[in-house]
Amino acid sequence: MIFILHQNLDQKFDYKLEAIILYFLPTPIFPTFLLQNTVDRLHYSANACLLPICSLYGAAVTTVEGVGSTKTRIHPVQERLAKCHGSQCGFCTPGMVMSIYTLLRNHPEPTSEQMIAALAGKYCHLLVCRCEAFLQVLCVCASLTHCHSGKANGKCCLDQEDDFLFSTDEFQPLDPTQELIFPPELMVINENQPKRTLLFHGKRVTWISPVSLDELLDLKAAHPEAPLVVGNTSVGPEMKFRGVFHPVLIAPARIPDLNVLKYTDDGLTLGAACSLSLVKDTLTNAIVEFPEEKTRVFHAVLQQLRTLGGEQIRNVASFGGNIISRKSTSDLNPVLAASNCMLNLASRVPLSDTYMSALHLAQGEYVSAFRQAPRRENALPITNAGMRVLFEEGTDIIKDLSIFYGGAVSTTVCAKQTCWTLIGRHWNEKMLDEACRLVLKEIALPGSAGGENIDYKKTLMVSFFYRFFLEVSQSLKTMDPCHYPGIPMEYRSVLQDFKTRMPQSIQMYQDIEPSQSPQDPVGRPIMHQSGLKHATGEAVYIDDLPSVDGELFLAAVTSSRAHAKIVSVDTSEALKAAGVFDVITAHDVPAANEFYFSDDPEIIFARNKVICVGQIVCAVVADSDVHAKQAAAKVKIEYEMLEPVILTIEEAIKHNSFFEPKRKLEQGNVDEAFETVDNIIEGEICIGGQKHFYMETQSMLAVPKGEDKEMDMYVSTQHPAIIQEIVAASLGVPANRIMCHVKRVGGAFGGKILKTGLLASVAAVAAHKTGRAVRFILSREDDMVITGGRHPFIAKYKVGFMNDGKIRAVDAKYYINGGCTPDESVLVAEVSLLKMDNAYKIPNLRCWACVCKTNLPSNTAFRGFGFPQSGLVTETWITDVADKTGLLPEKEINMYKKNEQTHFKQKLDPQNLIRCWNECMEKSAYYSRRTTINELNKENYWKKRGIAIVPMKFPFGLGTPYLSQAAALVHIYTDGSVLLTHGGIEMGQGIHTKMIQVASRELNIPMSCIHFCETSTTTVPNACASVGSAGTDVNGMAVKDACQTLLKRLQPIIKKNPTGTWNDWILQAVSNSFVLICFVIMQTVIGFLLVDFVSSIRGYNEYMDWEKGEGQPFTYFLYGAACSEVEINCLTGDHKNLRTDIVMDIGCSINPAVDIGQIEGAFVQGIGLYTMEELKYSSEGVLYTRGPDQYKIPAVCDIPEQFSVSLLSSSQNPYAIYASKGIGEAGLFLGCSVFFALRDAVTGVRNERGLKKTFALNSPLTAEQIRASCADAFTEMPLLWKLWSSHS
């Protein structure tokens, strides 16, 4: 806990900013804080990245370390989050802890709504994680509040008996009396000291916090350009991400006049500095206290506040700040303006005071607010609206009308002419039609910017008004049912917005055999090895490493052009900047700057030309991260544009721009088969890319050792060996001089391999040149601009089938956007071909895959590695055939059913595929729910439900034996403790936990006796990357063999002393000079004289002959099926995921808690790929969606309300450790069940409306696409208006 105290009450409050910062140096600041207000002792969480230190004067700050520690006492929240398996990579876990902790401090018995609000998506995605097990996190809340949400083996997760994911008996109770108290010192200061102005001076910035309105006005007059900062949610990001500089900042939060909260006869008066959370709570209480006619405005404002940001943002963001600074994106301005709320301003020019007043409405007056965003919660609106109507007393004649829109133009806009014209009209359909046309005519939207679709915005504008029309019409009926008919019953469901509710979960897995030893941990849901350290913030990531003496910071200078010649690079201004040490360019690379893994090179620094926006041209090293970034912005690069600039797949096809080789697979006689089929369909689908959005961005620390050209590299990577190889080659030293260390990785998903090696070389070259340690941590925006992601696809297909739905022939071609260098793109293309059949037997098949060379950052490996794209294509034409024949979802007719061969002639036994399919059909009650959905859809016109079930065959393998080699090193010390090292990387998948489980079983000792330190090239050389879900398979076998070898050595001693303990045996072995170190490396035998014993383990026998189109590229197959149900809003395109049932065959799980978390996390990531995560580029190749404001990944609101995961029972796998299967990637594809459920709902809409024209849905299936596909009069209006405008 940190106190900020006065040093002398008689002195003027004028401090040096640096002195205040020193208070915080001993305590790392994590993403969330707990703050306590000295007056009301309120607890609230906030983002450290946004909270200015100066604003904390008089506050007590608790970081996650202050809540609890493994060194002192673990807090119940931390303990339960770890033991409930709510932490995977762990990078976001402190944010989860702080949000739950704060919730419980304020509400010891919170409601489910409060839990959801606390865990809703936060700014910078602090609680929107790629890998965290959201359902387990919600279980933590449930376990602390008796609000049950999770079930294991079909029972509530909190009513444990035996063999469940966790046991509540292990939990320490939550005792509020043991919580931290508010510091008495601060209470005394608050009570006794008069408020005075605070003044903090920094080297560049002055922070002033006045205490009166008059003083604030004087300050604004003296510093007219100085912004007012309360929550810093607007000014902070501008300064941090856009380089905006303010020499003076004025913080008015301590002014009483701006914190007023007062009820009057006219309404509610709110001070501009009131936080959005305070406003939300106040309005919620007022709605309970006052009659309905006095709270309609409150309801409308609350409607927007519930989804405006997340709890951590609302805690600090001010009511007035949102109104003033958010301009077009404010969700409050339209509804406040439409409600005739008064905005009172204070100025030296005669105006009134600074308050916001919310008025009560008159009888016969109605107000509503609407919004649509890329994600339902914590996302800036695409379009929002506030509308109010007042009728002549006792009639439906419009007396006054207000229509305001946000998100449409640069500021909130009023449809004044429309409103004036409609005054005196009756509230009927004739008025509705006229209003929609007038609105489109009056509000002219600018041309598309930032990738926005103007037609969708226009459609939303008229759809919102129609929704308002329905609401008011229904209210009129309620007021006078005799005169006003209201709206049809089937229209009423659209009046209710989707709400986020506490998900209900079921997780089912195999029971442990009764004969298994209680000490044997394999097959049990063991807590993540680092779970407690994740929860306490003690887990160390790259940027947590202590500073090295003389350490420098690096900032990259990247290309702003997609394809251009570099004419000149002017670094003179950058070198003059404060703190700058040097500028690093390609000329400073001692050896290799380009790496030829194929015909086209991978490049560290651009030398003569740039080939994409975001390519690194040079880098600045300075004494601080801030100085490095400031100087990097001063580097001037002159370009000469080169042609062509190729950004899209279509442009690459036009210019014949491809990476070689192109790949093809073919079986049967495709052309002949097309002559014999009953029906032929042709189609095309576009699949967008996806950013990895790992929580820990690309991070590295290069530390020169000072002699023999040695260098330590601390890198967040999946592949230490490639880091070592590339860095050594760039520096021109042998690989044995470069030591790469990886403790853990805060998420990777395939994105931290080759590109990370190039980035690590940038840091290594800088460290080599300067002789100093260099830290290189990419910001989120830089990370998204510099790195690639999942490959966009365009697939064209032709399918021949019989009238019964049996598919006889498929001819398909995949075009894949590889970006500017090859990276792993050709391999992705190959895998997409090999896995394109999914679960279906197609007798005659031909498919091509071509990798397009474009001027975008190189796309690379990503969870699923080509299968999520090719599998979606296959399911699309399978669904097309089902639609055509009317046999949906009878996919079994085309599924593998018996032992047969794949299209590349590998043998396949689909028994478990059929089992997964049948179990999923049964558990999901598909047919009965399909009937129910059909009935619901008949009764609801503007809301429709859809359901889809998708099978999956996921081949496991990396294609060649050398990619599946691994190694393990096991030490046994004299005290009996064991040190385990292997080549796998921990990035959330629990590999270290599983390896300790393996060692525990083989050595027959408790897991507590085994420790894993780090993955390092100094202990395990030449290990393969942790990719393709293979980490446990290959490393587990190495650990098993090493432990068995050691145990074999101990057998003579054990036989002599069978009743002895482990420690007895080890002491005896040491005294007998036994070697208790064992190193195992797959395929390669290396001897270590008297030190290590080495055995040889061959990798998987995988191969593929592309010339013949046959081989055995995979070792075994995983199977699964998922059934998802959704509901769509046809007026906006919004949707809600209602239920998902997953059945997965993963063999015999080594750790079901970890594996189920992987399945759930992968599935949710798949939801993002297929329905939400949309990348938008300018015509010059600049990425628009380069941060959490623009790029949305799934949040709590996107988890299905009912989520069931079952592991197939009695499944064996003879090819992997303990009959398990690699699980990390497979579940992602099942997210497309949501895509096809949405398609099913849209199909229902179109069939009902008589829209027979064939339609195509692309991925991601966003709200915009859904709305456009649910064609109606409102979607046609923008198109008709364009036509009218062009002829007028």
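On a predicted model such as this, the values are computed, not experimentally measured, just so you know.
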Consider side-chain contact (heavy atoms from CB on, under 4.5 Å). Of Thr756, Ile542, Asp543, which one does Ser716 pass it with? Ile542

Quick one: does [X]'s side chain get under 4.5 Å of [Y]'s, heavy atoms only?
X: Leu1046; Y: Leu1050; result: no
X: Lys1040; Y: Arg1001; result: no
X: Met952; Y: Phe867; result: yes
X: Ile100; Y: Leu81; result: yes
X: Met527; Y: Leu532; result: yes

[X] side, atom [atom1]; [Y] side, atom [atom2] - distance, nearest 0.5 Å:
X: Ile1066; Y: Ile1053; atom1: CD1; atom2: CD1; value: 7.5 Å
X: Asn899; Y: Lys907; atom1: CG; atom2: NZ; value: 9.0 Å
X: Arg73; Y: Thr536; atom1: CZ; atom2: OG1; value: 13.5 Å
X: Leu545; Y: Lys743; atom1: CG; atom2: NZ; value: 10.5 Å
X: Asp1033; Y: Ile1223; atom1: CG; atom2: CD1; value: 11.0 Å
X: Tyr1218; Y: Gln1212; atom1: OH; atom2: CD; value: 14.0 Å

Carefully, step by step, assess Ser977 and Asp975 under the rule side chain to side chain donor-acceptor pair (under 3.5 Å). CA-CA 6 Å; Ser977 64; Asp975 64 353; 2.7 Å; yes

From the list Lys994, His528, Gln997, His85, side-chain hydrogen bond (donor to acceptor under 3.5 Å, both in side chains) partner of Asn1151 resolves to Gln997

My understanding is that only one of Gln1158, Glu1160, Gln989 makes a side-chain hydrogen bond (donor to acceptor under 3.5 Å, both in side chains) with Gln88; could you say which? Gln1158

For Arg744, is there an ion pair with Asp544 - N to carboxylate O distance below 4.0 angstrom? no

Under the side chain to side chain donor-acceptor pair (under 3.5 Å) criterion, do Glu919 and Ser1206 qualify, and how do the steps go? CA-CA 9 Å; Glu919 282 197 25; Ser1206 302; over 6 Å; no

Does [X] reach the main-chain N or O of [Y] with its side chain, forming a donor-acceptor pair under 3.5 Å?
X: Ser87; Y: Gly531; answer: no
X: Thr717; Y: Lys752; answer: yes
X: Gln516; Y: Val522; answer: yes
X: Asp1155; Y: Pro1152; answer: no

Can you label the angle between the [X] ring and the [Y] ring as parallel, tilted or perpendicular, going by 30° and 60°?
X: Trp1062; Y: Trp1065; result: perpendicular
X: Phe1163; Y: Phe1203; result: tilted
X: Tyr541; Y: His534; result: parallel

Phe956 ring centre to Lys1221 NZ or CZ under 6.0 Å, with the angle to the axis within 45°? no

Under a 3.5 Å cutoff, is there a donor and acceptor pairing between the side chains of Thr70 and Glu538? yes

